[in-house]
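Some notes on the structure that comes next.
Throughout, residue positions are numbered sequentially from 1 according to the sequence presented. The basis for the numbers below is simple: all heavy atoms, side chains too, and nothing from hydrogens, waters or symmetry mates. Just so we're clear, the structure is a prediction, and the values are computed from it rather than from any experiment. All ligand and atom numbering here is 1-based and tracks the order in the structure.
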Amino acid sequence: MTPSVSRRHFARLFALGGSAALFADPSWARQAPPAPALAPGGASAGEAFWKSVREQFVMPPDLAVMNAANLCPASRPVAETLTRETRSVDMDPSPNNRARLMPEKEQTRKTLAEFLRVTPDEIIITRNTSESNNLVSNGLDLKAGDEVVVHADNHPSNLTAWQEKAKRFGFSVVTVAQKNPHPGMDYYVDAFAKAITARTKVISFTHLSSTVGDLMPAKALCQLAQERGVFSLLDGAQSFGLLDVNLGEIQPDFYSGSAHKWPCGARECGVLFVNTRAQDKLWPSIYSAYNGAVGFSRKFEGFGQRDEATMIAFREALTFQTKVGRAAIEERSRALTTQLMDGLSKLPGLKMWTSPDPKLRVAVVSFLPGTLDANKLATTLYEKDRVAITTRGGQDRAGIRVSPHFYNSPAEVDRLLAGLARELKA
Ligand SMILES: Cc1ncc(COP(=O)(O)O)c(C=O)c1O
């Protein structure tokens, strides 16, 4: 590496601002002020508490990021844990120092199990939801004559994945169409009940859709699957860390999630829950070393060398959410969304894709911004108003998607609404 390439390389790392960049600058941790304490009294203390929550994040105070459905920031405790643990391994990669990391990984599994209200024996630590979903579609023994029933609104990792594997293994995929606006929970229970036949082996759907934020009847569909003797894969990418998910109650066979979305964890870490009753029907897709120490992870989680620092930081994210209060997080995100929906309903020319009914949506809101170009609008809102949202292209319910989380505030939602009103000339 020439000196100039080396300088460029490090400049890029700093610009990226990821864990590598933090590590490249050993002064980072020393310069960073310690995370301030959460205000006492919890959510019942109102905005003072939520302000102290916001201070746990390093996003500049003037930047409002409402894109949780895509990527959430790690909080300071999470980023600091990641830096500390990464540095520890790089300063001392000896077997002696690394030996302490195995119990740390098992501790993360335990915390994940508590968080989802299941047992550590049923938890696999993966890289993300995509990997978790694919471990299921790769691992079930499906063949010609078998059917898998999927919802059309699934993410590609839970839709394309099934369609491509069907070509290879000979099973068929039956698709339950999505309806807009949300036709209600009963509609989907009925639609899946009709789609399941004697040949069906699996149903697969998304707890909260990433497209327009439709909440699906998770418990009823998993119960239906059990009654009909088929497996259920519940994609939790948009519910894990947002809803106070209780898998003990919902009872899916499989549930998937990512740390870097609503849990505000480290990037490239995720979870796959495999219900005890389904474990002997799911083949591992990867055989290597460093399996987990308990339950199904002993057989299924031999994924080779991993980054334990990320797993420890993931645990810190779950602990942080528990400290803030999981029910409070769900309530806060819902309240901000209600404020947003109310404001949007007063703006002219919008075509809403998300249900106004709080029983059918949570905190993912999509709409077509009249005749405005969605990409230009998102850029203007980012540059003029310092509000970050995202766009949805294509022909299917295209436009703008906004997903507020517990680090956002009512003032930020108002700022977004004011920016939208200005651009729509309301
Ligand atoms: C519903 C759903 N499933 C799966 C994924 C994939 O998540 P990841 O990229 O973390 O694997 C996403 C990402 O947005 C999603 O929204």
Would you mind listing which atoms of ligand 1 come within a distance below 4.0 Å of any non-hydrogen atom of [X]?
X	value
Ser210	16 (O)
Ser157	4 (C)
Gln238	14 (O), 15 (C), 16 (O)

In the protein, what heavy atom is nearest to [atom], and what distance, to one decimal place, separates them?
atom	result
atom 10 (O) of ligand 1	Ser258 OG, 2.6 Å
atom 12 (C) of ligand 1	His155 CD2, 3.2 Å
atom 3 (N) of ligand 1	Asp235 OD2, 2.6 Å
atom 14 (O) of ligand 1	Lys261 NZ, 2.8 Å
atom 9 (O) of ligand 1	Ser130 OG, 3.8 Å

Say whether [X] and ligand 1 are in contact under the criterion: heavy-atom distance to a ligand atom below 4.0 Å.
X	result
Arg127	no
Glu131	no
Thr206	yes

What distance separates [X] [atom1] from [Y] [atom2], expressed to the nearest 0.5 Å?
X	Y	atom1	atom2	answer
Asp373	Glu423	CG	CD	11.5 Å
Leu101	Arg306	CG	CZ	13.0 Å
Asn158	Ser256	CG	OG	6.5 Å

Ignoring hydrogens and geometry beyond distance, is a side-chain donor-acceptor pair present between Ser132 and Tyr255 at under 3.5 Å?
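Their side chains do not contain a donor-acceptor pair, so the 3.5 Å distance test is not met.
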Within the structure provided, determine whether Met102 and Tyr290 are in side-chain contact (heavy-atom separation under 4.5 Å).
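Result yes, sub-4.5 Å side-chain heavy-atom pair found.
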Residue among Phe300, Phe296, Phe231 satisfying ring pair (Phe, Tyr, Trp, His ring centres under 6.0 Å) with Phe254
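For Phe254, the ring pair (Phe, Tyr, Trp, His ring centres under 6.0 Å) check succeeds only for Phe231.
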Assert yes or no for the condition that the ring centre distance of His207 to Phe240 is strictly below 6.0 Å.
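They do not qualify: ring centres at least 6.0 Å apart.
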NZ/NE/NH1/NH2 to OD/OE distance under 4.0 Å, Arg386 and Asp62
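Result for this pair is yes, salt bridge flagged.
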Ligand 1 versus Thr129, non-hydrogen atoms closer than 4.0 Å: side chain, backbone, both, neither?
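Thr129 to ligand 1: contacts from backbone and side chain alike.
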